[in-house]
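Everything below concerns the one structure shown next.
By convention in this document, chain letters (A, B, ...) are assigned in the order of the sequence lines, proteins followed by strands, and residues within each chain are numbered from 1. Scope of the values below: all heavy atoms of this structure, side chains included, with no hydrogens, waters or symmetry mates.
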There are 2 protein chains.
Amino acid sequence: MARVLATGSGVVLDLIRTGRARTRTDLIEHLGWSRITLARRLDELLDASIIVSAGQLDSRGGRPPEEFVVNKDAGLLLSFDIGRSHTRLGLTDLASTVLIEDEADIGFQDGPTEIFEWAPQVVDYMLAKIGRRRADIHGVGVGVPGPVDALTGRLAAPQPDERWQGLALPDLVKHHFPVVCAMDRDVNIMAVAESRLGWPEYHDLVILKVGLGVSCALVLDGRIYRGSRGGAGDLSHPLRTAGEPRTLEAEASGAMIRRALVAKGHRIRTSADIVSLAASGNTDALHLLATAGRTIGDAIVGIVAMLNPEAVVVGGNLAEADRPFLSEVRAAILGGVPDFARTGLVVEPARLGGKAGVIGASLIAQDALFEPDRISHLTRSKR
Amino acid sequence: MARVLATGSGVVLDLIRTGRARTRTDLIEHLGWSRITLARRLDELLDASIIVSAGQLDSRGGRPPEEFVVNKDAGLLLSFDIGRSHTRLGLTDLASTVLIEDEADIGFQDGPTEIFEWAPQVVDYMLAKIGRRRADIHGVGVGVPGPVDALTGRLAAPQPDERWQGLALPDLVKHHFPVVCAMDRDVNIMAVAESRLGWPEYHDLVILKVGLGVSCALVLDGRIYRGSRGGAGDLSHPLRTAGEPRTLEAEASGAMIRRALVAKGHRIRTSADIVSLAASGNTDALHLLATAGRTIGDAIVGIVAMLNPEAVVVGGNLAEADRPFLSEVRAAILGGVPDFARTGLVVEPARLGGKAGVIGASLIAQDALFEPDRISHLTRSKR
DNA sequence: TGACTTTTGTATATCTATATATAAAAGTGA
DNA sequence: TCACTTTTATATATAGATATACAAAAGTCA
């Protein structure tokens, strides 16, 4: 019985905040409503201070159009980008611009209890630094390093760590921050940020995240594809190599490179250390990065050929090593894909760099907060 | 300016013909409209004879609900399932039930001119046999063995045969049958039929079509995924085998089996001949089918692991050979996919068998004919 | 400056969808 | 048979969206 509000203010806000339409004329064009109806919905959003005018755009021969944007300063969004051993926290405005960030070597491997004892303190510290309070936080977005059941918000099985098994993380978050909370796999969150802000002109992307682990997300027809049980993008099937089958993680991840470098006496803790070592010209690191790049590229050639995306976007710390890592990934993919799929295909580093996780988490929090039906009902009841 | 008719009769018809809702109560539930509005739209469709009552369903404790269906006898749809060397034609009613079919060993390799000199004669013959006329044909659906640019309706490059290069096939069809015409790649059309009629309970499918050639389609989130330039499902990238790289077509298609059997002195023309020979117990055929099955299964393990579908559906003539062909495909996939993707996954033969092409072509013709906006405007202008 | 364009606002009449109430139709089950 | 349910129809009043017309604002361009 969910009444569909065909002309609710929520869809107007959705067009404005995603940038698909920001002037009256564009909004009318997109929505097919009458000018009067749109004006009413805009008034509702303006009255509720959800949007504000951003001034006038350049004239196109007549009166210049007025641009509307979300009232980004009306509140904050809180981002968690939880990695295996490293976590980033961020506070953004309602347009997902990062205001302040913090990070620490704590992560999934330390368990939920530890993380959620540590995180609220950091949040309070960050809030103090920008002169805001907890009550200013309107939504939370969380990225976790593993599949998530989108329906229930629980972590999908199997978790390598039983402390996380079947955990309803949003409930845990709400205990500390009682606002709307959205959650997804870390690489999916990176994909949201990259596809919406980094590559808005593209609709079909293969996203790779290569740090200590290797993971993958798919943006198909402009939307994150998750598969039947949230398992899409899984890279854990055995590689087709000579000798006994091994997974990509074992064969070509940052973790594997770290092991090899540590064995040679280098001091490596994070994937960023690997990139630094390579940048200093260390031949061991350079060689290992090149080999890993080629292995990863080879491993996803089949997917790229099959899905015919417009771009393969490589993020994560290792992607910072353009050469030799990324260049080898690129060479392997472009060299292995048939002509048809290669035409127009680019293999590029993530455009948002290391901030993609925090920004993506903020974006899904934004989506949850500004969900069209919620907004429509909100502005209706205010009248 | 495309005015969106939020409460047009087109969306009502769409729910009815796709079977998502066929009673007043169900339609109201799906649409969120008031009872009165829905009644008006139903009256419009009934007045225009686009739908008819199908009588009453069983009571659920009160007055039994009335069921509505498309007036399937109001016209015909014409289906082309053009293969490389073999083509099927079919006439269906407006609900895509096949009324009559015909086929011949003529196909893509013979060129467009030849096909469209031959086809109209067969159509007239079929029409005569069921006592209908050309004017009864309301829409045409065409399947072709190669990528199609969905926007322009042209065959996507590169075509192996220059007679088809960049050809606007719908224009050619309209010259003979001046009605709405829809067109897609053959395996996509099979996928439409299988996913909508064969596997309506599933949303994510990998569809394989194995005859003389091997091709693949993807149904993701319930929709055909085509890739950035219609190239999704391409299987032409080199296999990762020992020795020099070869494509799946060269390694494990019906064409390859035919070559091998012909070399051994068997008389094989079509992929159906291969299956017959195997059914008669011929060990050469059985062995070749088993090997091909395993090779194909191995080749798509990566895709299946990556996309996490609910089913892999295998169609085309070779799929008729459950054993040893299909069983080997199944064994290779289920054996190669990691635990997470294997859970709940089935590898099954196409449920519509050889009719999938003709039915699928009819379905996309139906989609074009009953496109919501067209219908809405149609019933409006009639008042 | 003055003619023109595009954008925006406002008021009125009209159209459309909905809510509400009442009732009838057509079944089930005691 | 009778009370009950679900489904369907109809009428009236109300709410909401649109069309239309007119006007003003704010720019461009000759």
Between [N] atom [atom2] and [X] atom [atom1], what is the distance in whole Å?
X       : N      : atom1 : atom2 : value
B:Asp58 : D:dT7  : CG    : C1'   : 14 Å
A:Leu38 : D:dA19 : CG    : P     : 13 Å
B:Ile36 : D:dA9  : CD1   : C1'   : 10 Å
A:Leu31 : D:dA17 : CG    : C1'   : 14 Å
B:Arg22 : D:dT8  : CZ    : P     : 15 Å
A:Arg40 : C:dT10 : CZ    : P     : 12 Å
B:Glu29 : D:dT6  : CD    : C1'   : 15 Å

Rounded distance [0.5 Å steps], [atom1] in [X] versus [atom2] in [Y]:
X        : Y        : atom1 : atom2 : value
B:Ile375 : B:Leu45  : CD1   : CG    : 7.5 Å
A:Lys72  : A:Thr92  : NZ    : OG1   : 11.0 Å
A:His203 : A:Ser195 : NE2   : OG    : 9.5 Å

Which protein N or O atoms sit under 3.5 Å from an N or O of nucleotides 4-8 of chain C?
residue, atom, partner, partner atom, Å
C:dT5, O2, A:Gly61, O, 3.3
C:dT6, O2, A:Arg63, N, 2.6
C:dT7, OP1, A:Arg60, NH2, 3.4
C:dT7, O4', A:Arg63, O, 3.3
C:dT7, O2, A:Arg63, NH1, 3.3
C:dT8, OP1, A:Glu66, N, 2.7

>> So, OP1 or OP2 of D:dA17: does either fall under 4.0 Å of a side-chain N or O from A:Thr37?
In response: no

> Hey, is the side chain of A:Ser59 poking within less than 4.0 Å of OP1 or OP2 on D:dG27, counting only N and O atoms?
Replying inline: no

> Backbone N or O of A:Val313 within a donor-acceptor pair of the A:Glu348 side chain at under 3.5 Å?
Replying inline: no

> Among all residues two or more places apart in sequence or in another chain, which pass the salt bridge (Lys or Arg N to Asp or Glu O under 4.0 Å) test with A:Arg35?
Replying inline: none

>> Please determine whether the number of non-hydrogen atoms from other residues, nucleotides or ligands lying under 6.0 Å from atom CZ of B:Arg351 exceeds 12.
In response: yes

> Nearest of C:dG27, C:dT18, C:dA11 to any side-chain atom of B:Gln56?
Replying inline: C:dG27

